[in-house]
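Just so we're clear, the structure is a prediction, and the values are computed from it rather than from any experiment.
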Amino acid sequence: MSVLRAVMAARPPGGVDAGGLVEIDVYDLFEACTPEVTGVYLTGDVDQEFLAVHRDEFDALVRGGLRVVVNGHVQRPFLSGLSRWRRSDYRGPADLALTRVTDHPVWRGVDPAALLYNTRPGRHTPEERERIGVAGFYGRGYYLDLPEGARVVHTLGRIAGPIDLVYPMGEGEVLLHAGNDLLQFASDDRGTAALRSNLLDWLERR
């Protein structure tokens with residue numbers, strides 16, 4: 001089994017090791033999706049126009065059993081079930097706070113409150129994070145027009161906009177995160193280190 005991390009940067013043929021993932025250039029994605037690949041992690045800045053050109057091929061891979069994590073702001077739906085990202089009208093942290101509405105193994109052991117604020121390095125109490133942190137890096141938008149079978153994991157703010165959700169496609173699944181790359185929120189300082197191993201386990205279908 002292997003998991004690919006597709007990025008918007010040149011990488012050598014075969015990719016490079018990235019801590020349990022194989023990091024590849026997104027333009028090599030479809031050649032790299034060999035039968036032993038179980039999951040694909042797309043960073044938020046990948047070329048959506050390129051992926052949209054290959055939408056039928058991408059759909060077929062997911063329907064065949066691939067799991068995909070989609071980060072960022074979708075403007076060109078490049079997989080069936082995706083819709084366009086919508087910016088939240090936020091005035092303060094209460095409009096950006098996360099509410100967990102469904103448990104999911106990717107966020108097992110991760111407190112949604114620990115994802116709200118970005119702070120300087122180091123461990124901080126919840127009160128310190130609120131005092132010195134900046135809210136909104138996890139996400140400032142959401143998705144509507146959800147596909148059939150979608151399960152919302154987290155909602156955003158007082159409008160309860162879906163920011164994290166998963167939906168089935170044939171034998172595969174899509175995890176959609178309407179914000180900055182999930183992996184950057186896995187850290188010991190936040191108490192959210194489990195997010196990385198959880199993501200890998202899910203993408204490896206463990």
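By the 4.5 Å heavy-atom criterion applied to side chains, Val68 and Phe58 are counted as neighbours. A 4.5 Å side-chain heavy-atom check between Ser80 and Arg63 finds at least one atom pair inside the cut-off. Contact check for Tyr138 versus Leu156: no side-chain heavy atoms found under the 4.5 Å cut-off. With a 4.5 Å cut-off on side-chain heavy atoms, Trp202 and Val3 do not count as touching. Contact annotation: the side chain of Thr43 never approaches that of Asn71 to less than 4.5 Å [non-hydrogen atoms, C-beta and beyond]. Counting only heavy atoms from C-beta outward, the side chains of Leu42 and Leu51 approach each other to under 4.5 Å. Side chains of Trp107 and Leu195 form a contact here, defined as non-hydrogen atoms less than 4.5 Å apart. By the 4.5 Å heavy-atom criterion applied to side chains, Leu146 and Tyr167 are not counted as neighbours.
Distance alone, capped at 3.5 Å, places no donor-acceptor pair between the His154 side chain and the His177 backbone. One N or O on the side chain of Tyr41 and one on the backbone of Leu182 form a donor-acceptor pair closer than 3.5 Å.
Note that CD1 of Ile163 and OG1 of Thr155 are 9.0 Å apart. Values are rounded to the nearest 0.5 Å. Taken from CG in Leu203 to CG in Leu175, the straight-line distance is 8.0 Å, to the nearest 0.5 Å. Put simply, CZ on Arg55 and CG on Leu82 are 7.5 Å apart, with the number rounded to the nearest 0.5 Å. Here CG of Asp111 is found 9.5 Å from CG of Leu98. Values are rounded to the nearest 0.5 Å. Here the CG atom belonging to Leu66 is positioned 11.0 Å from the CG atom belonging to Asp59, to the nearest 0.5 angstrom. Taking CG of Leu61 as the reference point, atom CG of Leu29 lies at 7.5 Å (rounded to 0.5 Å).
Clustering of Ile, Leu, Val, Met, Phe, Trp and Tyr by side-chain heavy atoms under 4.5 Å joins Tyr142 with Leu144, Ile159. Clustering of Ile, Leu, Val, Met, Phe, Trp and Tyr side chains at separations under 4.5 Å leaves Val53 isolated, with no partner residue.
Residues Gly149 and Pro168 approach most closely at O-CD, 3.5 Å, considering heavy atoms. The two residues Ile24 and Gly15 have their closest heavy-atom pair at CG2-CA, 4.0 Å. Between Gly19 and Arg196, the closest heavy-atom pair is O-NH2, 2.9 Å. Scanning both residues, Arg205 and Gly65, for their nearest heavy atoms gives NH1-O, 2.8 Å. Pairing each heavy atom of Leu4 with each of Cys33, the nearest pair is CD1-SG, 4.1 Å. When every heavy atom of Gly14 is checked against every heavy atom of Val22, the shortest pair comes out as O-CG1, 3.4 Å.
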Next item on the list: Verify side chain to side chain contact (heavy atoms under 4.5 Å, CB included) between Asp103 and Arg108, making sure each step is shown before the conclusion.
Entry: CA-CA 7 Å; Asp103 289 331; Arg108 183 180 295 124; over 6 Å; no
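The salt bridge (charged side-chain N to carboxylate O under 4.0 Å, His left out) contacts involving residues 148-169 comprise Asp95-Arg158, where partners must be two or more places apart or lie in separate chains. Pairs of residues two or more places apart, or lying in two chains, that qualify as salt bridge (charged side-chain N to carboxylate O under 4.0 Å, His left out) and include a residue from residues 68-79 are Glu49-Arg76. For residues 3-18, the set of pairs meeting the salt bridge (charged side-chain N to carboxylate O under 4.0 Å, His left out) definition, not counting sequence neighbours, comprises Arg5-Glu23, Arg11-Glu23. Judged as a salt bridge (charged side-chain N to carboxylate O under 4.0 Å, His left out), the pairs with a partner in residues 169-182 (not counting sequence neighbours) are, in order, Arg67-Glu173.
Remark: Tyr90 engages Arg140 in a side-chain hydrogen bond (donor to acceptor under 3.5 Å, both in side chains) (not counting sequence neighbours). Remark: Arg87 pairs with no residue by the side-chain hydrogen bond (donor to acceptor under 3.5 Å, both in side chains) rule, at least two apart or across chains. In this structure Tyr143 satisfies the side-chain hydrogen bond (donor to acceptor under 3.5 Å, both in side chains) test with no other residue, sequence neighbours excluded. Legend: residues meeting ring pair (Phe, Tyr, Trp, His ring centres under 6.0 Å) with Phe78, ordered by chain and number and at least two apart, are absent. Among residues two or more places apart in sequence or in another chain, the salt bridge (charged side-chain N to carboxylate O under 4.0 Å, His left out) test is passed with Asp145 by Arg86. Applying the salt bridge (charged side-chain N to carboxylate O under 4.0 Å, His left out) rule to Asp201 yields the partners Arg206; only residues at least two apart in sequence or on another chain are considered.
Both Val110 and Phe185 belong to a common hydrophobic cluster when Ile, Leu, Val, Met, Phe, Trp and Tyr are linked at side-chain heavy-atom distances under 4.5 angstrom. At a threshold of 4.5 Å between side-chain heavy atoms, the hydrophobic network of Ile, Leu, Val, Met, Phe, Trp and Tyr places Val70 and Leu165 in one connected group. Put simply, Val7 and Tyr27 are part of two different groups of oily side chains (I, L, V, M, F, W, Y) that touch within less than 4.5 Å, one to the next. Tracing side-chain contacts under 4.5 Å through hydrophobic residues (I, L, V, M, F, W, Y), one never reaches Leu183 starting from Val16; they form parts of separate clusters.
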